[in-house]
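Here's the structure, in C-alpha cells; my notes come after.
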Amino acid sequence: MPAELCENRTKNDLDRALRQLLEQKPLDQIRVRELTALCGIRRQSFYYHFPDVCALFDWSLRREAQQLLARQEFCLTWQQATTDLLQYIARHRRYYQALLENRGRSGLRDLLSSAMGSLLAQTLAYYRRRCGTAEDPASDQAQLACWETLLLALLESWIQGDLPQPPEALISLLETLIQQGSVGAAWQNLA
C-alpha cells in the first residue's frame, strides 16, 4: 500500500476516534492513548502525524470545511442547502460544540465561511431576481456580511441548545425573514 494512502487512512481513523470521544468528553480531556487505542495504532504513529490532540482537531476542522463546501454543491436551493447543513450539524452537534468551546464564534466562522458565503450569495441573487432589484456591489457586500453575522449567531445558539427548533422550523423562520426583507427592497424600488 502506498505511503500516502496509509497516512491518510491513519489520519482519517484518528479523526473518527476523535469524533467518537468528543461524544463522551470535552476536547481538553481527550488523551493520545485513548485515540490510539480506538484506532489500534501505536502512540508513535499518532506523533508521526500530529504533535498533539489540538493539532489533530485543527486538521479535522480543515477537512470538515472542505466536506461542508462539497455538500453544498449537491443542493439546488438555499433552503435545501441550509436544511442539509443544519441536519448535518445536528448529527455532529458535540463536534460543533467542541469547536465553539475551543475556537469560539470566530472558529465557527472560519469553518463555515466558504460554505456560507456561497450559500448566502446564491440566496441574495435568487431574491434579487424575484424582486427585480438591481445589483449593487457595495450594498450586496454589506447585506451579505450582515446575513452571515445573523446566521452565525443563530447557528451558535442552535448548536448550544438555546434554540430548540428542528432544522425545518429554523428554515421556515429564516425564509420568512428573508422574504420580508425582499418585499421591503421591492417597495423601495417602486417609483
Side-chain angles (χ1 to χ4, degrees), residues 1-75 78 80-122 144-145 147-149 151-163 166-167 170:
M1 182 180 296
E4 184 178 309
L5 288 177
C6 271
E7 181 174 314
N8 286 338
R9 190 178 113 209
T10 302
K11 286 181 175 181
N12 290 333
D13 288 348
L14 288 167
D15 182 42
R16 278 190 293 280
L18 175 68
R19 288 169 185 265
Q20 183 179 343
L21 289 171
L22 282 171
E23 293 295 323
Q24 303 161 14
K25 58 173 74 177
L27 180 66
D28 61 354
Q29 292 180 8
I30 295 175
R31 303 293 175 244
V32 171
R33 66 176 146 45
E34 295 171 303
L35 291 163
T36 56
L38 282 172
C39 294
I41 62 173
R42 294 176 297 152
R43 287 172 52 94
Q44 295 90 339
S45 294
F46 176 90
Y47 289 116
Y48 175 79
H49 298 288
F50 303 105
D52 56 27
V53 175
C54 287
L56 168 60
F57 190 58
D58 290 340
W59 180 84
S60 178
L61 290 172
R62 288 190 300 276
R63 186 170 168 250
E64 184 80 358
Q66 294 168 348
Q67 290 175 344
L68 288 175
L69 187 58
R71 291 178 70 86
Q72 297 294 307
E73 292 177 18
F74 297 105
C75 299
W78 73 266
Q80 185 183 20
T82 308
T83 301
D84 178 72
L85 177 65
L86 290 172
Q87 289 173 341
Y88 179 82
I89 290 173
R91 286 190 305 275
H92 305 280
R93 186 178 298 265
R94 188 61 198 117
Y95 181 84
Y96 283 84
Q97 287 172 340
L99 166 63
L100 284 169
E101 290 165 6
N102 292 278
R103 304 296 192 279
R105 185 179 290 174
S106 64
L108 186 63
R109 181 184 300 269
D110 291 344
L111 177 67
L112 298 176
S113 64
S114 295
M116 268 194 348
S118 172
L119 172 65
L120 292 173
Q122 289 173 354
L144 289 173
W147 284 2
E148 182 178 330
T149 301
L151 189 54
L152 276 170
L154 179 112
L155 279 173
E156 181 181 6
S157 293
W158 186 70
I159 290 167
Q160 297 293 29
D162 298 335
L163 296 173
L170 286 177

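Keep in mind the model is a prediction, meaning the values are calculated, not measured. Numbers for residues simply follow the sequence, beginning at 1.
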Exercise for review: Examine Phe57 together with Phe50 and report whether their ring centres are nearer than 6.0 Å.
Suggested key: no

Exercise for review: Give, for atom CG of Leu35 and atom OG of Ser45, the distance between the pair rounded to the nearest 0.5 Å.
Suggested key: 12.5 Å

**Study point:** Nearest heavy-atom neighbours spanning Leu22 and Ala98
**Key:** CD2-CB, 3.8 Å

Practice item. Could you tell me whether Arg19 and Asp15 have a side-chain N and a carboxylate O separated by less than 4.0 Å? Key: yes

Exercise for review: Quick one: pull up CD in Glu101 and CD1 in Ile159 and give me the separation to the nearest 0.5 Å.
Suggested key: 11.0 Å

Practice item. Scan side-chain atoms only and decide if Thr10 and Tyr48 contain a donor-acceptor pair under the 3.5 Å cut-off. Key: no

**Study point:** Spacing of Met116 atom CE and Leu108 atom CG [to the nearest 0.5 Å]
**Key:** 7.0 Å

Practice item. Answer yes or no: is there a donor N or O on one side and an acceptor on the other, between the side chain of Thr149 and the main chain of Ala145, under 3.5 Å? Key: yes

Practice item. With salt bridge (Lys or Arg N to Asp or Glu O under 4.0 Å) as the test, would you mind laying out the steps for Glu156 and Arg109 before giving the verdict? Key: CA-CA 10 Å; Glu156 181 181 6; Arg109 181 184 300 269; over 6 Å; no

Point to revise | Sidechain N-carboxylate O distance under 4.0 Å for Arg71, Glu64 | key: no

Point to revise | Stepwise side-chain contact (heavy atoms from CB on, under 4.5 Å) test for Arg63 and Asn12 | key: CA-CA 10 Å; Arg63 186 170 168 250; Asn12 290 333; 3.2 Å; yes

Review point. So, for Gln67 and Tyr88, which heavy atoms are closest and what is the spacing to 0.1 Å?
Key: OE1-OH, 4.2 Å

Revision key, fill the gap. CG (Leu100) and CD (Gln97) are apart, to the nearest 0.5 Å, by 8.0 Å

Practice item. With rounding to the nearest 0.5 Å, note down the distance linking CZ in Arg16 to NZ in Lys11. Key: 14.0 Å

Point to revise | Pair Leu112-Leu85, side-chain contact (heavy atoms from CB on, under 4.5 Å): steps then yes or no | key: CA-CA 10 Å; Leu112 298 176; Leu85 177 65; 4.1 Å; yes

Revision key, fill the gap. Interatomic distance, CZ@Arg94 vs NZ@Lys25, rounded to 0.5 Å, equals 11.5 Å

Review point. What's the shortest heavy-atom distance between Ala121 and Leu144, and which atoms?
Key: N-CD2, 3.8 Å

Exercise for review: May I ask you to say whether Arg103 pairs ionically with Asp110, meaning some side-chain N is under 4.0 Å from a carboxylate O?
Suggested key: no

Check your understanding: Side chains of Trp158 and Ile89: closer than 4.5 Å at any heavy-atom pair?
Key -> yes

Review point. Can you find a heavy atom in the side chain of Leu99 that is under 4.5 Å from one in the side chain of Leu27?
Key: no

Exercise for review: Indicate the atoms forming the closest heavy-atom contact of Arg31 with Val53, along with that distance.
Suggested key: C-CG2, 4.3 Å

Exercise for review: Give me the one residue out of Val32, Thr36, Ile30, Leu38 that meets side chain to side chain contact (heavy atoms under 4.5 Å, CB included) with Glu34.
Suggested key: Ile30

Point to revise | Student check: side-chain heavy atoms of Gln44 and Tyr47 closer than 4.5 Å | key: no

Exercise for review: Test side-chain contact (heavy atoms from CB on, under 4.5 Å) on Thr82 and Leu170 and set out the steps.
Suggested key: CA-CA 9 Å; Thr82 308; Leu170 286 177; over 6 Å; no

Exercise for review: Measure across Ser60 and Tyr95 and return the closest heavy-atom pair with its distance rounded to 0.1 Å.
Suggested key: OG-OH, 2.6 Å

Check your understanding: Taking the six-membered ring where the residue is Trp, are the ring centres of His92 and Tyr96 under 6.0 Å apart?
Key -> no

Point to revise | Over 12 non-hydrogen atoms of neighbours within 6.0 angstrom of CZ in Arg91 | key: yes

Review point. So, for Ala81 and Gln72, which heavy atoms are closest and what is the spacing to 0.1 Å?
Key: CB-OE1, 3.0 Å

Exercise for review: State, with a plain yes or no, whether a side-chain heavy atom of His49 is found less than 4.5 Å away from one of Trp59.
Suggested key: no

